[in-house]
Amino acid sequence: MSAGRPSGLGRRLGPGSLFAAVLVPLLLAASGCTTDPGAAAGDAAGASGPVPFADCAGLTAPPAAAAGAVPQPSTVAAPQPSAAAGSPSGGGTPLPDVSLACFADGTVVDVAAVRGPAVINFWGSWCKPCREELPALQRLADRTAGQLHLIGVNTYDDRDPAVAVAEDLGLRFPSLVDRDRQLLLAVERVGLPLTLFVDGDGEIRRTYEGTVDDATLADLVGRELGLAVAP
């Protein structure tokens, strides 16, 4: 699987499509981003043992309110329309009505109720490009604490390898568990890596397919969410 859009994986599929549900595992396997479906059926959420991820409390409140801080006017501006070339935009689309468990404690999070600015990254321990970009996402979370929610969606994965990757990479941002790819299919995608940029109203301003790095994240967060990220 390449760092960019995987061949045959980035195209849209209609929500709820039976075709998509059947085809997804086959496409993942064909791309090299594969995992044992039997292992993927392991119980990721609510399992015993410590995990490095933060809890999901506060994700449905604006980041500043959740952190008990006031955003700095000099760094937060009105969101700008998506104009970037390359990956398709999903600007202005409400977050799907999907409920997922928080990896940290199993509490259920209503994804449609999440309020941004937020960056939602789909990842899996089985996905090499995902593992490559995760450190940049953690750095973004560190640089924008109190200004932006960084939310992971551990997708089609098993608990133990996901925790191992998080520990190896020093991940701490909150992650949701989407073993059955509910959110991935709801945004009409089937491939990883995938990152959503969500505004303060809980609407998707940009859907980015492919691997992100520090520069890409800073650029997209600035343009789509109006938030300046310190280098």
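Contact annotation: the side chain of Gln147 never approaches that of Val221 to less than 4.5 Å [non-hydrogen atoms, C-beta and beyond]. Taking the side chain as every heavy atom from C-beta outward, Val177 and Arg159 never approach each other to under 4.5 Å.
With Arg131 contributing its side chain and Ser125 its backbone, the two residues share a donor-acceptor pair below 3.5 Å. When atom types are taken as modelled, the side chain of Thr107 and the backbone of Asp105 share no donor-acceptor pair closer than 3.5 angstrom. Distance alone, capped at 3.5 Å, places no donor-acceptor pair between the His149 side chain and the Thr60 backbone. The main-chain N or O of Ala215 is found under 3.5 Å from a side-chain atom of Asp213 such that the two form a donor-acceptor pair.
Between the side chains of Asp219 and Thr216, no donor-acceptor pair of N or O atoms lies under 3.5 Å.
Under the side-chain hydrogen bond (donor to acceptor under 3.5 Å, both in side chains) criterion, Thr144 pairs with no residue, sequence neighbours left out. The side-chain hydrogen bond (donor to acceptor under 3.5 Å, both in side chains) search around Asp178 returns none, not counting sequence neighbours. Partners of Ala218 according to the side-chain contact (heavy atoms from CB on, under 4.5 Å) rule, which considers only residues two or more places apart in sequence or in another chain, are Val229. The side-chain contact (heavy atoms from CB on, under 4.5 Å) test applied to Asp160 returns no partner, not counting sequence neighbours.
Rounding to the nearest 0.5 Å gives a distance of 11.5 Å between CG of Leu227 and CZ of Phe197. Here the straight-line distance linking atom CG of Leu196 with atom CG of Leu95 works out to 7.0 Å at 0.5 Å rounding. To the nearest 0.5 Å, atom OG1 of residue Thr155 and atom CG of residue Asn121 are 8.5 Å apart. Rounded to the nearest 0.5 Å, atoms SG (Cys102) and CZ (Phe53) are 9.5 Å apart. Taking CZ from Arg205 and CG from Leu220, the interatomic distance works out to 12.5 Å, rounded to the nearest 0.5 Å. Put simply, CG on Leu194 and OG1 on Thr211 are 11.0 Å apart, with the number rounded to the nearest 0.5 Å.
Among Thr195, Leu184, Leu100, Val98, the one residue that satisfies the side chain to side chain contact (heavy atoms under 4.5 Å, CB included) test with Val153 is Leu100.
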For residues 109-120, which side-chain N or O atoms pair as donor and acceptor with protein atoms under 3.5 Å away, sequence neighbours left out?
{"from": "Asp110", "atom 1": "OD1", "to": "Ala112", "atom 2": "N", "distance (Å)": "3.2"}
{"from": "Arg115", "atom 1": "NH1", "to": "Ala112", "atom 2": "O", "distance (Å)": "3.2"}

Cut-off 3.5 Å, no hydrogens considered: what does the side-chain donor-acceptor table look like for residues 166-176, sequence neighbours left out?
{"from": "Arg172", "atom 1": "NH1", "to": "Gly170", "atom 2": "O", "distance (Å)": "3.0"}
{"from": "Arg172", "atom 1": "NH2", "to": "Asp142", "atom 2": "OD1", "distance (Å)": "2.9"}
{"from": "Arg172", "atom 1": "NH2", "to": "Asp142", "atom 2": "OD2", "distance (Å)": "2.9"}
{"from": "Ser175", "atom 1": "OG", "to": "Trp123", "atom 2": "NE1", "distance (Å)": "3.3"}

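Smallest separation of non-hydrogen atoms from Ala101 and Gly106: CB-O, 4.0 Å. Scanning all heavy atoms of the two residues, the minimum distance from Asp55 to Ala104 falls at CA-CB, 3.8 Å. Nearest heavy atoms, Ala141 versus Leu150: CB-CB, 3.7 Å.
Annotation: cation-pi geometry satisfied between Arg181 and Tyr156 (NZ/CZ under 6.0 angstrom from ring centroid, within 45° of ring axis).
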